[in-house]
Amino acid sequence: MATDWTVSAITRAMLPVLLALTLVEVGSGLVLGQFEAQLLQYPTLLALVPVTIGTAGNLGSILAARLSTSFHLGTLSFDPADEHLAGNAVATLALALSIFPLVGIGAWGLTALFGSVQLAPGTVVAIALSSGVALAVLAVAVTVSVTYVAYRFSLDPDDVVIPVVTNTCDVLGVVVLFATVQVFL
């Protein structure tokens, strides 16, 4: 794929994406605002929000970078039986399984150190792990889908996929975290 590195070409490719992502982020803030009372009632959840959405975005970004590299090397296949694609998806899920319990422990410890803890550590870890695994599954689906769309529209995945994935994971992170909280509390 030949890339035209002019200001007008970059603007044509990225401006619609950036405008749409701005609306997505506003949506994330609106969703977060709906849960303000729970955040104030349980400060540990307040500590979980930025770390959860940031970690989910990072997992999606790692996968996006790997898929983009495979795309540029000509080894990317969107076949569900492709071992390389499946291996990257499984690695993303394994990272989530190992990182999100630490996120929960860290959020509980931080809240215990600087404030009053309202939730048990097991509950916080369960919320972090459950929401993290769900977010990892969603991040894999979003990343593979957006990479495929970029491929189909002859867009450079380096330019498009990571911004879309991280912004989408922000919104999904807030929604999934609070859906998980509703299950556990």
Inset, instruction - Working to the nearest 0.5 Å, report the span between CG of L23 and CG of L18. - result: 11.5 Å

Legend entry - side chain to side chain contact (heavy atoms under 4.5 Å, CB included) partners for F153, two or more places apart: V149, L155

Legend entry - L32 and F178: CA distance, side-chain angles, deciding distance, side chain to side chain contact (heavy atoms under 4.5 Å, CB included) verdict: CA-CA 9 Å; L32 189 58; F178 286 103; 4.0 Å; yes

Inset, instruction - Apply side chain to side chain donor-acceptor pair (under 3.5 Å) to Q182 and list each qualifying residue two or more places apart in sequence or on a separate chain. - result: Q38

Inset, instruction - Following the transitive rule for hydrophobic clusters with a side-chain heavy-atom cut-off under 4.5 Å over Ile, Leu, Val, Met, Phe, Trp and Tyr, establish whether F100 and L95 coincide in one cluster. - result: yes

Inset, instruction - Decide whether I105 and L97 are clustered together by the hydrophobic rule: side chain heavy atoms of Ile, Leu, Val, Met, Phe, Trp, Tyr closer than 4.5 Å, transitively. - result: no

Inset, instruction - Could you verify whether a donor N or O on one side chain and an acceptor N or O on the other, from H84 and T75, lie under 3.5 Å apart? - result: no

Legend entry - Gap between atom OG of S70 and atom CG of L76 - 0.5 Å precision: 5.5 Å

Inset, instruction - With rounding to the nearest 0.5 Å, note down the distance linking CG in N58 to OG1 in T92. - result: 11.5 Å

Inset, instruction - Please check if W108 and L39 belong to a single hydrophobic cluster, counting links between Ile, Leu, Val, Met, Phe, Trp and Tyr side chain heavy atoms closer than 4.5 Å. - result: yes

Legend entry - Point-to-point distance, once rounded to the nearest 0.5 Å, from OG1 of T147 to CZ of F78: 5.5 Å

Inset, instruction - Could you grab the distance from atom OH of Y151 to atom CG of L67, nearest 0.5 Å is fine? - result: 13.5 Å

Inset, instruction - Could you tell me which non-hydrogen atom of I162 sits nearest to which non-hydrogen atom of S61, and how far apart they are? - result: CG2-OG, 3.7 Å

Inset, instruction - Quick one: list whatever passes side chain to side chain contact (heavy atoms under 4.5 Å, CB included) with T69, sequence neighbours left out. - result: L73

Inset, instruction - Indicate the atoms forming the closest heavy-atom contact of L59 with A96, along with that distance. - result: CD1-CB, 3.8 Å

Under 3.5 Å donor-acceptor pairs involving side-chain atoms of residues 40-56, not counting sequence neighbours:
unit_1: T52; atom_1: OG1; unit_2: L48; atom_2: O; d: 2.7
unit_1: T55; atom_1: OG1; unit_2: V51; atom_2: O; d: 2.7

Inset, instruction - Would you kindly confirm whether L177 and V183 end up in one hydrophobic cluster when ILVMFWY residues are joined by side chain heavy atoms under 4.5 Å apart? - result: yes

Inset, instruction - Measure across A89 and L63 and return the closest heavy-atom pair with its distance rounded to 0.1 Å. - result: N-CD1, 4.4 Å

Please list every donor-acceptor pair under 3.5 Å in which a side-chain atom of residues 168-175 meets a protein atom from a residue at least two apart or in another chain.
unit_1: T168; atom_1: OG1; unit_2: V164; atom_2: O; d: 2.7

Under 3.5 Å, side-chain donor or acceptor atoms of residues 119-145 against the rest of the protein: list the pairs with distances, not counting sequence neighbours.
unit_1: S130; atom_1: OG; unit_2: A126; atom_2: O; d: 2.8
unit_1: S131; atom_1: OG; unit_2: I127; atom_2: O; d: 2.8
unit_1: S131; atom_1: OG; unit_2: A128; atom_2: O; d: 3.3
unit_1: T143; atom_1: OG1; unit_2: A139; atom_2: O; d: 2.6
unit_1: S145; atom_1: OG; unit_2: A141; atom_2: O; d: 2.7

Inset, instruction - For the pair S68 (side chain) and A64 (backbone), establish whether a donor and an acceptor sit closer than 3.5 Å, ignoring hydrogens and angles. - result: no

Legend entry - Cluster check V165, V26: I/L/V/M/F/W/Y, side chain < 4.5 angstrom: no

